Amino acid sequence: MKGKWINSPYTFALGMFAMMVPSQAFSSFYSYFYVEKLGLGIGLATLARTIFLIWDAVNNPLFGYWSDRTNTRYGRRRPWVFGSIPLFMLAFVLVFSPPGGLSENGLFAWFLVTLILYEAVATVLWVNYGALLPELFRGDRIRAKASAIQQGYQVVALLIATALSPMIYAAINFSNMAIVYACVFGIFMYICMMNVQEKKEANVGEPLKLIPAFRETIRNKKFWVFNISNSFAQTVNGLISSMIPFYAKYVLHISEAQVAILMASVFVSVIPLVFVWYWIIRTMDGVKAWRLSLIVYGLSVIPLWFGYDLISGVAAGIAVGFGLAGFLVTPAIVGGRIIDEDADNTGLRREGIYTAVSGFITRSSGLISALAFFVVGMIFGYQSGDNPGSDPESTFRYLISVVPLCLLAISVIISFVIKFKFTKIVER
C-alpha cells in the first residue's frame with residue numbers, strides 16, 4: 001500500500017496544502033495585523049517590503065541554482081525541504097509575535113527582520129517543492145491532473161487560512177493562531193515529502209555553472225513573457241485576499257466575525273471550479289486556456305465594485321472564485337512545457353532555477369501590491385487603522401476592484417506579446 005502513494009498526485013498535493021495554510025494566513029493578514037491592529041504606518045510597511053525584495057532578488061535565483069546542483073542519495077529537492085521545515089515554523093510564528101510595548105520604529109524593525117527570515121525560508125520551500133511537479137509528472141494530461149488536485153487542496157488551505165482565521169485570532173490571538181498553523185504545516189509537509197521519490201534521471205549530466213545557467217534562463221523569451229504576465233495576475237491574488245478584511249470593514253460595513261463568511265464565498269466556490277478548469281484544459285490548448293483564465297479573472301473582479309453589504313459581497317466573491325480557479329490551475333501546464341523545452345535544448349532538467357526565478361518574478365508582485373496600497377491610501381487619506389482618513393470606503397473599493405482590473409488587463413496584454421509554440425510532448 002505504501003508504494004501506491006509514492007509520487008501520487010494526491011500525496012504530493014499535501015505539500016501545497018501544508019504551505020498554503022500559513023502562507024495564505026500571512027499574505028491575508030500581515031498588513032491588517034501590523035497596519036490596522038498595531039498601528040504601523042503604510043509608508044513603513046511598504047519600505048519593509050521593498051527592502052525584502054532587494055534581498056529576495058539575490059537569494060531566490062541562488063536557492064534554485066544550488067538546488068539544481070544538489071546531488072544526494074535522498075534526491076536534489078527533499079533534503080532542502082526537510083531542513084527548512086522547522087525553520088519555517090519558527091519564522092512564521094515570530095512574524096505574528098512581536099513583543100509588546102514597541103515604538104513604531106521598533107515595530108518596523110521587528111517586522112522587517114522577521115519578514116526577511118520568513119521569506120528566505122519560504123523561498124527554499126517553494127523553490128524545491130515547486131521544482132518537483134514538472135520533474136515528477138511528465139506530460140500535459142498528468143500535469144493538469146496533478147495541478148488540479150494541488151489547487152483543490154490549496155483551496156481548502158485558503159479556506160482555513162482566510163475564512164477561519166478571523167474566528168481563530170479573535171478567540172486565541174494572532175500569535176497562538178500562528179503556532180497552530182505552523183504545526184499543521186509541519187505535519188502535512190512531512191507526510192508529503194515522505195511519499196516523494198525523485199527520478200534518478202533528473203540528476204544525470206554535469207550541471208551548468210552559475211553564469212551559463214542564468215544566461216540560458218535569461219535568453220528564454222517564453223519564460224519571461226509567461227512569468228511577467230503571471231506576476232500581474234499574482235498581484236491580484238495577494239491584493240484581493242489582503243484587502244478583504246479592509247473591504248469588509250469600510251465598504252460592506254460588516255463585523256469581523258462575518259469576514260469569515262465573505263472569504264468563504266470566494267474560496268469555497270473555487271473548490272468545484274478548479275475541476276471545471278481541468279476539463280477546459282483537457283479540451284483545448286494549454287496556452288489558450290491560460291490566456292482565457294486571465295481574461296475571465298479580469299472580468300470577475302468587476303462585481304466587487306458594487307458591493308455594499310454582506311449579501312452583495314458574497315455574490316461578488318463567488319464571481320471572483322471562478323476567475324481565481326482558472327488562474328490557479330492553468331499556469332502549471334505552460335510552465336511545465338517551458339521547462340521541458342529547456343531540457344531538450346540543454347540536456348539538463350533545471351526545474352530549480354526556473355522555479356526560483358519564476359518565484360522571484362511573481363513574488364515581486366508583493367511590491368506592486370504594497371505600492372498600490374500606499375498610493376491609493378495617500379490619494380484618499382488612509383494612513384492606518386488609527387488614522388483612516390475621511391474616505392476609507394473609496395480607498396478599499398478602488399483597491400479591491402479597479403486596481404485588480406487594471407493589473408489583469410496588463411497581464412492579458414503581455415500574454416499575447418509572443419507566440420507560444422511547443423513541440424508535442426508525449427504523455428507519460
Side-chain angles (χ1 to χ4, degrees), residues 12-30 33-34 48-49 51-99 109-133 154 157 160-161 165 174-196 198 238 351-353 355-360 362-364 366:
F12 179 73
L14 288 174
M16 178 64 76
F17 173 82
M19 291 191 294
M20 282 307 301
V21 171
S23 296
Q24 185 63 27
F26 170 81
S27 62
S28 294
F29 295 104
Y30 85 90
F33 177 58
Y34 277 90
R49 289 293 290 178
I51 294 172
F52 150 71
L53 279 171
I54 296 172
W55 157 241
D56 196 40
V58 176
N59 73 39
N60 212 308
L62 282 177
F63 286 142
Y65 173 73
W66 290 333
S67 177
D68 283 340
R69 293 182 65 84
T70 299
N71 188 1
T72 74
R73 65 190 183 96
Y74 301 106
R76 294 191 291 176
R77 323 297 181 186
R78 294 175 77 242
W80 287 96
V81 175
F82 278 120
S84 299
I85 288 174
L87 296 177
F88 181 83
M89 294 171 67
L90 175 62
F92 178 71
V93 171
L94 289 176
V95 169
F96 288 101
S97 306
W110 180 272
F111 176 59
L112 176 61
V113 171
T114 57
L115 176 65
I116 289 174
L117 292 173
Y118 167 80
E119 293 281 11
V121 184
T123 296
V124 176
L125 283 168
W126 282 110
V127 163
N128 286 278
Y129 177 76
L132 285 168
L133 189 146
Q154 177 175 343
I160 293 171
S165 289
F174 277 94
S175 181
N176 287 327
M177 178 191 75
I179 293 172
V180 172
Y181 286 168
C183 292
V184 170
F185 159 79
I187 292 169
F188 283 95
M189 198 72 225
Y190 179 79
I191 294 173
C192 165
M193 297 312 297
M194 288 300 294
N195 287 284
V196 166
E198 297 185 46
E351 288 90 350
I353 194 165
T355 303
V357 177
S358 174
F360 168 70
T362 55
R363 281 156 63 123
S364 66

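Keep in mind that what you see is a predicted model, and the values were worked out from it rather than measured.
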Engineer: Is any side-chain heavy atom of P98 closer than 4.5 Å to a side-chain heavy atom of F174?
Structural biologist: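 No, their side chains stay 4.5 Å or more apart.
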Engineer: Considering non-hydrogen atoms only, spot the tightest contact between S84 and V121 and give its length.
Structural biologist: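 Scanning both residues completely, I find the closest heavy atoms to be O-CG1, 3.6 Å.
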Engineer: Look at the rings of F92 and F96 and say which category their plane angle falls in: under 30° parallel, 30 to 60° tilted, over 60° perpendicular.
Structural biologist: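 Taking F96 first and then F92, their aromatic rings stand perpendicular (interplane angle over 60°).
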Engineer: At what distance, to the nearest 0.5 angstrom, does CD of E119 lie from OG1 of T114?
Structural biologist: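 If I round to the nearest 0.5 Å, the distance is 10.0 Å.
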Engineer: Heavy-atom distance under 4.5 Å between the side chains of M89 and V93, does that happen here?
Structural biologist: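 When only atoms from C-beta onward are counted, V93 and M89 do not touch, as no gap falls below 4.5 Å.
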Engineer: As a quick check of understanding, evaluate ring-ring contact (aromatic ring centres under 6.0 Å, His included) for F26 and Y30, giving each step before the final call.
Structural biologist: CA-CA 5 Å; F26 170 81; Y30 85 90; 4.7 Å; yes
Engineer: Side-chain donor-acceptor pairs under 3.5 Å in residues 179-190, sequence neighbours left out?
Structural biologist:
{"from": "Y181", "atom 1": "OH", "to": "I160", "atom 2": "O", "distance (Å)": "3.2"}
{"from": "Y181", "atom 1": "OH", "to": "S165", "atom 2": "OG", "distance (Å)": "2.8"}

Engineer: Can you name the closest pair of heavy atoms from V196 and R78 and give their distance?
Structural biologist: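 Looking at all heavy atoms of both residues, the closest pair is O-NE, 3.1 Å.
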Engineer: Going by heavy atoms in the side chains, are L112 and I116 under 4.5 Å from each other?
Structural biologist: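 Yes, side chains in contact.
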Engineer: Looking at every heavy atom in both A161 and A25, which two are closest together, and how far apart are they?
Structural biologist: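 Heavy atoms only, the tightest pair is CB-N, 3.6 Å.
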Engineer: Are side-chain heavy atoms of F111 and F33 found at a separation under 4.5 Å?
Structural biologist: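 Side-chain contact under 4.5 Å: no.
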Engineer: Taking the six-membered ring for Trp, is the centroid-to-centroid distance between Y129 and F12 below 6.0 Å?
Structural biologist: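 Yes, the ring of Y129 comes within the 6.0 Å limit of the ring of F12, centre to centre.
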Engineer: Show the nearest heavy-atom pair for residues L132 and M193, with the distance to one decimal.
Structural biologist: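 Heavy atoms of L132 and M193 come nearest at CD1-CE, 3.9 Å.
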Engineer: Are the side chains of F82 and M194 in touch, meaning some heavy atoms are under 4.5 Å apart?
Structural biologist: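 Counting from C-beta outward, F82 and M194 do come under 4.5 Å.
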Engineer: Can you find a heavy atom in the side chain of S23 that is under 4.5 Å from one in the side chain of Y118?
Structural biologist: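 Yes, close enough: below the 4.5 Å cut-off.
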Engineer: Could you give the distance from CD1 (I85) to CG (L90), rounded to the nearest 0.5 Å?
Structural biologist: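 I85 atom CD1 to L90 atom CG measures 14.0 Å (nearest 0.5 Å).
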